Amino acid sequence: MASDTAETPTRPTLRELTIRGILLGGAITLVFTAANVYLGLKVGLTFATAIPAAVISMALLRNFANHSIVENNIVQTIASAAGTLSAIIFVLPGLIMIGWWTGFPYWITVAVCAVGGILGVMYSIPLRRALVTGSDLPYPEGVAAAEVLKVGDSSGGAAENRVGIRVIAFGSLVSAGFALLANLKVLANYVAAYFKVGAGGSMFGASLSLALVGVGHLIGMTVGIAMLVGLIISFGVLLPIRTIGAFGTDESVADVIDGVFVHEVRFIGAGAIAVAAIWTLLKILRPIVKGITEALASARDRRQGQLVDITQRDIPFPIVVGIVVAMLVPIAVLLWDFSHGTVLHGSSNGIIVASVVFIFVIGLVIAAVCGYMAGLIGSSNSPISGVGILTVIIAALLIKLVYGPTSDDGSLALVAFTLFVAAITFGVATISNDNLQDLKTGQLVGATPWKQQVALVIGVLFGSAIIPPVLDLMQRAFGFLGAPGATDHALAAPQAALISSLAKGVFGGSLDWSLIGLGAAIGVVIVIIDEILCRTSRFSLPPLAVGMGMYLPMSLTLIIPLGSLLGWFYNKWADRTGDNVERKKRLGVLLATGLIVGESLYGVVFAGFVAGTGSDEPLAIFTGNDGTLAEVLGVIGFAAVLTWLYKRTQKISGRELPTADLKT
């Protein structure tokens, strides 16, 4: 009887890991992963897909018999894992930028995404008890997704889901339509101006992107202000100082300012990010160690026969260890294949072994760090790009130490090898950054952990299959800034550009450590300010967000704080109404998600036109409208559309749902 009791769940058996749920999760994955790849390459940010995936899942599965909240949770888990894996684009385009790859080999890219992602899933499993069930971390997105699932499972959820779907769809259509008008040359979607500041100079630039507004709404006011502070430091202080005496007669003001930002200011921002990431690691190291110790103790209790509820059953630890060890074999094969046929062939055994150990050890540290950061501030706000920057510097220094002196050709090969290693490690970071958030959602809705962990692996495989062709399409259609043959319309891929520059600087000896040192000093000051604010007030200044604002171009970051401000005003309005406040805020989140998804998916479709026609502007009709008039129309149209969208969402959210849907 005791053994039977041990296996009896405390809730009725519900359909959970189903074929239809897996297929629906895969379909949603196709949409959101493609959108995230485009957005990440354009602005260096991705968006969390859990909440919109949950809304879509509930709206569709409601039409099938025996649907359940835990089945919807599986769908959002698959879509969320795959969408998050797209952050691997923060590294892989670097191989194009340095001229090592000319495209993204499908099966190699699939393998890199898959092995890194599966390792991330496995590493996060032992952390679930420590950082999810056994901690008081807020997990903002995980809790929000759970609330959405609970509302959708209620008797009044059907009506709210239909409203949510309409808000997402309408925001997507408007966002895509605005981008289409820009491609038709009806209006401009970018404004910029360069100017002198004393003996130096600076610039003003803004991308009139509704997707960036959506990003700002989602990340919140605190992170938005921190990014704005970083922007002011770079463009209001550093750039005017670093450009003093740089203006000659041969280069335009714009070329000088852009050059100084790319080659100097951005590296200062990298130093600030490095310090912020290290400080974050130091702050969370103690609770992580304590949590892991408690998780191991809990595992011992289960082996000794203590009752374990169905909602506490993970994939067995021996299987987790076996999969982790098994993953090291394809990783070693991938590294051998990458070096085979290059100048490294025949002398790469040492760096292959060192890299496998590096991925194994650093991957575990990264999983803990990223998982904790996601629990603290959310997956969307968690600056895994900062962790990636630290990772590539450490990997480059390790590989350089193990390999020893080399020629110029050897240095380029080592840079490429380092980026390849960093890409696998970054796969671990991206997934662990998302997994614990999803497992928190599962905990709150009564899901079975091992089934959800299987779903996470399935999501990784879906994402791994989708990411390479989208990446290849982006490369053929637009190219990447700094890569051979890049055009004026090339995608910035800011993290990949920075990471590849850092790797080249380490191996070529050209890395100006004084710039990184200056950034580190600024980072220390920001950390001190943040600590003072946190201890003496309710405000904070997230150092990693400040660093991101320092190294991203102004055109990408200026609109994000605007989105944060709009989201703040919208949420304040919801609070003032005092009625269905959370529902109104959720609709604001869904509007922001729609703005991101619409523009991003349109970007993927537009890339297909560019690749198919060979023209950078295949839809341009009003070809002469590219001056001041277009910019004025763009600014007015941008402001008008945003005002209309938020007013419309306020109106919709204030309507009462049909009473028939509210009956209990």
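Predicted model only: the values in this text are computed from it and were never measured.
Between Ile559 and Ala206 the shortest heavy-atom distance is CD1-CB, 4.1 Å. Closest approach of Ala272 to Gly547, counting heavy atoms only: CB-CA, 4.3 Å.
To the nearest 0.5 Å, atom CH2 of residue Trp101 and atom CG of residue Asp472 are 10.0 Å apart. We find the CD-OG distance between Glu599 and Ser172 to be 11.0 Å, quoted to the nearest 0.5 Å. Here the CG-OG1 distance, from Leu562 to Thr557, works out to 12.0 Å after rounding to the nearest 0.5 Å. With rounding to the nearest 0.5 Å, the separation of CZ in Phe417 from CZ in Phe507 is 9.5 Å. With rounding to the nearest 0.5 Å, the separation of CE in Met203 from CG in Leu239 is 8.5 Å. The line from CG of Leu419 to CG of Leu502 is 10.0 Å long, rounded to the nearest 0.5 Å.
In this structure, Phe235 has its ring center under 6.0 Å from that of Phe261.
When each of Leu231, Ile232, Ile233 is paired with Val229, the side chain to side chain contact (heavy atoms under 4.5 Å, CB included) condition holds for Ile233 and for no other.
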For Arg266 and Ser501: C-alpha separation, side-chain torsions, deciding distance, then whether side chain to side chain contact (heavy atoms under 4.5 Å, CB included) applies.
CA-CA 10 Å; Arg266 192 175 59 179; Ser501 296; 3.5 Å; yes
Output a table of donor-acceptor pairs, distance under 3.5 Å, between side-chain atoms of residues 102-123 and any protein atom two or more places apart or on a different chain; print 'none' if there are none.
from	atom 1	to	atom 2	distance (Å)
Tyr106	OH	Ala465	O	3.1
Thr109	OG1	Pro105	O	2.7
Tyr123	OH	Phe360	O	2.7

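For the 3.5 Å distance criterion, the side chains of Ser252 and Tyr194 fail to qualify, holding no donor opposite an acceptor.
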